[in-house]
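Read the structure below first, then the notes.
The structure presented is a predicted model; accordingly, all values stated were derived computationally and were not measured.
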Amino acid sequence: MNDYHKEIDISKEKQNIINEYINKYSEEIYEKDLPEIISAEEMYYLTTVSQNLLNWYPFSKEDSVLEIGGDLGQLTGLFSKKCKDVTTIEPQWECAEAIRKRYKDRENIDLIAGKLEDISLDKKYDIITLIGNINRIEEIIGKQLDLENTIRYLEKYLNENGKMLIAVDNKFGLRYWAGNPENILNKKFISLIGYHSEPISYETFTKKSLEEILQKMGYNFNFYYPLPDYKMPNVIFTDEGLPKYNSIDKYNPYTAKNSDLIINEIDVFREILTTNPEMFTFFTNSFLIEISKEKRELPYNYISFNNMRKEKYRLITKIGKDYVEKEAVTEEANQHIEQISKNIEYLKENQIKTLDETEENKIKSKYVEQKYLLNEVLTENLRQGKKDEFDKLVQKYIDLFLSQSYKIENYEETIFIKYNIAIEDKELIKSMNFLKKGLWDMTFKNCFYIDDQFYFFDQEWNDKNIPLEFILYRSILYTISLRRYINIDELMEQYKLTQYREIFEKLDNILQEKIRDDKIWKFYSKNKYFDIDGTKQELINLSRRDHAKELAIENLQKDNDYLINVREQLTKEKEQLSKALEDMEQKYNQLFSVRVGNKIRKFFRK
């Protein structure tokens, strides 16, 4: 490590990360050392989640990378692994030392603790990265520059056909409207007004402002939309692969310190996508931009990760122009790829159509438009008021499983005994239809309906003796869009699933617990919004909305009761006033009669 040491303050959060983890443990990734309750800083700096931003990117083993701002090395190791070499500029001495300790066994990292202005670099690079450090430019380079002039400054270090990868926050990101603080001052809502009330001005960005800067400079560019943001993404959309109503829930929002959430951002994104899908890029939380002098095609239209799973189940899904591929994120997950391959073979052996194939330890399939997804087709039937068509298609789906199902009368032979799920009424067992090798994710969301045929994909899981009713239950439960057009309780009743709901919910929770990483799950579920299956978040939202409606009705009832009481009280007061009026009128008449009588008597005396 070259030492150009300058005194620069380090944040308390970073110092704590260094003291509690990097100085204590001789590791590169620290997930196993994290406490039960993980902070946003620990998640960002110490796990593989931050690497999702570029883990999918088509780096070359011949690429040389210049990393502008290394922080605590959360991306440095990724560049080292994927590329020929990486030069990391990190002016904060404690951070640079932490990177050195973290990657002490890496020989292709040139770590420089100093400002770029004070350094003489004698080479050019294929890729320059500026990931979230635009507000640290004066600290890293040595002089204050806006984004445009930062790019101009860095151009001298870039090869003729080189690329820059830049990540910045969107000033109008929905997470900031929701009540999360921005990333510079850790203040809520301040970025939405451009930091105008602050003594120091900060450059902020929208997609339009970024496009204007890059077009002015003559660059070609590709935009990516990482969610929940560039720091900890688990899904990345593009202009060629924008989200739909049924796909926006693929990401898991998180909350930072000083958050006061007033809305659920996925809830609002759904409404935006329903009302005006083009507004998604205005409200997306952050941007990743690839810029270069030559035009480059998008390598992928969509990328997603399984952040909340155990390491042995973590996969990356990449959707290109005409294909989809899945691969392991970790070495452990290669065994899971093998299991998926076996599931694919099982489908084929049983004449069940699938789009998936195994190729070079990857799962690949032909890309099919989302409008052919079974959940989309069923939702469209309901939207058009074609309930009969909906029922016919669901029955056709059920019949596909019925043809391979069988009955079990003995509780000990079912999946319920395996997971210790007690069933008091054993007659329920006799009413179910079981599948020998139950691929319990053969749901509406994992099926295309093309030319009157079902084609399944993403069949990762299986268990022996699974009821087909359980698969149908999950299909209905997790097709959130159906709720816009039909009552789910009535649908469950129609397909005679209501009687199983309690035991199926227990089974579903147990299966998910088997897959998920509890520490990561707890991090995302702090506000009870999220679960391992992204659509569960929306189910909880629906429950919250129902609860809110119940409270509103209860409050209206209270108001109504109060008004009734007020009316009764006013009625009583009216009656009392009427009685008092009658009494007064009677007394008046009596008094009037007495006075008149007295006058008459006086008259006759005269």
Side-chain angles (χ1 to χ4, degrees), residues 40 44 50 53 68-69 129-140 144-151 164-217 219 221-233 235-239 242-243 248 251 253-269 271-273 275-291:
Y44 177 51
S50 56
L53 181 68
I68 304 300
T129 67
L130 178 59
I131 307 301
N133 282 314
I134 188 64
N135 61 300
R136 294 181 62 206
I137 286 302
E138 183 174 12
E139 175 185 318
I140 297 170
Q144 183 60 49
L145 301 170
D146 60 14
L147 179 60
E148 178 181 342
N149 285 303
T150 297
I151 295 172
M164 291 191 197
L165 299 173
I166 301 171
V168 295
D169 289 311
N170 177 12
K171 68 177 292 185
F172 292 125
L174 197 55
R175 68 181 275 106
Y176 307 121
W177 294 93
N180 278 293
E182 44 71 54
N183 287 318
I184 300 176
L185 301 177
N186 195 37
K187 291 184 178 181
K188 293 183 287 290
F189 309 115
I190 197 70
S191 68
L192 302 178
I193 57 173
Y195 298 93
H196 292 158
S197 61
E198 296 300 316
I200 300 176
S201 63
Y202 298 94
E203 188 175 15
T204 58
F205 307 98
T206 63
K207 184 181 180 185
K208 183 180 179 181
S209 70
L210 290 165
E211 287 175 330
E212 289 174 349
I213 291 171
L214 298 174
Q215 288 168 350
K216 174 184 174 183
M217 299 180 71
Y219 275 102
F221 49 85
N222 289 318
F223 271 82
Y224 298 88
Y225 311 106
L227 288 173
D229 60 10
Y230 74 83
K231 283 189 165 186
M232 290 184 276
V235 63
I236 301 174
F237 295 102
T238 68
D239 289 311
L242 290 171
I248 190 64
Y251 82 97
Y254 70 94
T255 57
K257 289 180 181 178
N258 195 31
S259 297
D260 288 309
L261 297 189
I262 56 175
I263 57 172
N264 184 330
E265 61 184 84
I266 290 183
D267 228 12
V268 180
F269 268 133
E271 195 62 28
I272 289 170
L273 293 169
T275 307
N276 184 358
E278 294 180 359
M279 290 300 292
F280 168 77
T281 60
F282 181 84
F283 286 109
T284 191
N285 293 326
S286 59
F287 307 104
L288 171 66
I289 315 105
E290 175 194 55
I291 73 171

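- Counting only heavy atoms from C-beta outward, the side chains of Thr281 and Leu242 approach each other to under 4.5 Å.
- Of the listed residues (Ile166, Leu53, Ile68, Val168), just one forms a side-chain contact (heavy atoms from CB on, under 4.5 Å) with Ile131, and that residue is Leu53.
- Residues Gly132 and Tyr230 approach most closely at CA-OH, 3.3 Å, considering heavy atoms.
- A distance of 6.0 Å or more separates the ring centres of Phe269 and Phe283.
- A donor-acceptor distance shorter than 3.5 angstrom exists from the side chain of Asn258 to the backbone of Asn186, with no hydrogens or angles considered.
- Heavy-atom contacts from other residues, nucleotides or ligands closer than 6.0 Å to CD of Glu278 number 12 or fewer.
- Between the side chain of Asn170 and the backbone N or O of Phe282, at least one donor-acceptor pair lies under 3.5 Å.
- Within the 3.5 Å criterion, the main-chain N or O of Lys171 finds no donor-acceptor partner in the side chain of Thr204.
- To the nearest 0.5 angstrom, Ile291 atom CD1 is 5.5 Å from Leu214 atom CG.
- Between Leu210 and Leu147 the shortest side-chain heavy-atom distance falls below 4.5 Å.
- Within the model, atoms CG of Asp169 and CD1 of Ile184 stand 7.5 Å from one another, a figure rounded to the nearest 0.5 Å.
- No side-chain donor-acceptor contact under 3.5 Å links Thr129 to the backbone of Leu165.
- Here the side chain of Ser209 pairs no donor or acceptor atom with the backbone of Phe205 at under 3.5 angstrom.
- Rounding to the nearest 0.5 Å gives a distance of 15.5 Å between CH2 of Trp177 and CG of Leu261.
- Counting only distance, with no hydrogens or angles, the side chain of Arg175 and the backbone of Leu227 share no donor-acceptor pair below 3.5 Å.
- Across all their heavy atoms, Tyr224 and Pro226 have their closest contact at O-CD, 3.3 Å.
- Closest non-hydrogen pair, Ser259 versus Pro181, comes out as OG-CD, 3.3 Å.
- A distance of 15.0 Å separates OH of Tyr251 from OH of Tyr225, quoted to the nearest 0.5 Å.
- Among Tyr202, Tyr176, Tyr195, the one residue that satisfies the side-chain hydrogen bond (donor to acceptor under 3.5 Å, both in side chains) test with Glu182 is Tyr195.
- Of the candidates Ile289, Thr284, Asp239, Asp239 is the only one forming a side-chain contact (heavy atoms from CB on, under 4.5 Å) with Lys207.
- Between Ile134 and Ile137 the shortest heavy-atom distance is O-CG1, 3.2 Å.
- The minimum heavy-atom distance linking Tyr219 with Phe221 is given by the pair O-CD2, 3.5 Å.
- Interatomic distance, Ile272 CD1 to Asp267 CG, rounded to the nearest 0.5 Å: 11.0 Å.
- Atoms CG and CD, on Leu185 and Glu198 in that order, are 5.0 Å from each other to the nearest 0.5 Å.
- Between the side chain of Glu265 and the backbone N or O of Ala178 there is no donor-acceptor pair closer than 3.5 Å.
- Not one N or O on the side chain of Asp229 forms a donor-acceptor pair closer than 3.5 Å with the backbone of Asn285.
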